[in-house]
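So the structure is just underneath, and the comments pick up after that.
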Amino acid sequence: MSTLKFKTNMKCNGCIEGVTPHLKALSFIKSWSVDLNSPDKTLTIETESDDEKSIIEAVTKAGFKIEVMNPLRKV
């Protein structure tokens, strides 16, 4: 299991509601949350996959900006 963190521009519960169906469509996500109180509006995802690209596409499709906070390092 991996924990991925992303900086977003989500600002309210309505934003979270808007992104929910897009993240639920990704079966490899086990849980997720958005810290609306953090300056980075941090999206934290617990996942069985390191598929950052699909997460970024899903959030972007929902109409939000997103960038990786802890990029995976391939060795």
Side-chain angles (χ1 to χ4, degrees):
M1 182 108 51
S2 296
T3 301
L4 305 176
K5 292 187 180 273
F6 301 88
K7 180 179 178 179
T8 72
N9 66 337
M10 293 184 229
K11 296 179 180 170
C12 64
N13 288 328
C15 296
I16 293 172
E17 289 175 19
V19 81
T20 295
H22 297 275
L23 292 177
K24 281 189 172 185
L26 301 176
S27 61
F28 59 86
I29 293 178
K30 295 302 166 196
S31 67
W32 63 275
S33 64
V34 179
D35 182 356
L36 295 175
N37 295 317
S38 76
D40 292 329
K41 309 302 184 207
T42 307
L43 168 62
T44 303
I45 296 181
E46 296 290 332
T47 176
E48 291 182 354
S49 168
D50 293 331
D51 189 356
E52 293 174 341
K53 182 179 177 187
S54 292
I55 294 167
I56 291 169
E57 288 174 357
V59 173
T60 301
K61 186 175 179 182
F64 300 99
K65 293 180 183 176
I66 181 172
E67 62 184 76
V68 178
M69 291 178 71
N70 60 340
L72 296 174
R73 292 184 176 89
K74 309 269 193 254
V75 178

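Below, all heavy atoms of this structure are taken into account, side chains as well, without hydrogens, waters or symmetry copies.
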E46 and T3: which non-hydrogen atoms are nearest, and at how many Å? OE2-OG1, 2.8 Å
What's the shortest heavy-atom distance between K30 and M1, and which atoms? CG-SD, 3.9 Å
Looking at T8, is its backbone amide N or carbonyl O close enough to the side chain of K65 to form a donor-acceptor pair, meaning the two atoms are under 3.5 Å apart? no
Shortest non-hydrogen pair, V34 vs K41, comes out as CG1-O, 4.0 Å
From NZ (K61) to CG (L23), nearest 0.5 Å: 12.0 Å
If you look at every heavy atom in S49 and L4, which pair is closest and at what distance? O-CD1, 4.3 Å
Which residues pass the salt bridge (Lys or Arg N to Asp or Glu O under 4.0 Å) test with D35, sequence neighbours left out? none
What one should report as the nearest heavy-atom pair of A58 and H22 is O-CB, 3.6 Å
Residues G18 and A62: closest non-hydrogen pair is O-CB, 4.0 Å
Does some side-chain heavy atom of F6 sit less than 4.5 Å from a side-chain heavy atom of V59? no
Supply the atom-to-atom distance E57 CD to D51 CG, rounded to the nearest 0.5 angstrom. 8.0 Å
Between the main-chain N or O of S33 and the side-chain N or O of T44, is there a donor-acceptor pair closer than 3.5 Å? no
Report yes if the side chains of I55 and I66 come closer than 4.5 Å at any heavy-atom pair, otherwise no. yes
Hey, what do you get for OG1 (T42) to CE (M10), rounding to the nearest 0.5 Å? 10.5 Å
Please examine the side chains of W32 and V19, heavy atoms only from C-beta on, and report whether any two atoms are closer than 4.5 Å. yes
If you measure from CD on E67 to CG on L43, what distance do you get to the nearest 0.5 Å? 12.0 Å
List the steps and the verdict of side chain to side chain contact (heavy atoms under 4.5 Å, CB included) for L26 and I45. CA-CA 11 Å; L26 301 176; I45 296 181; over 6 Å; no
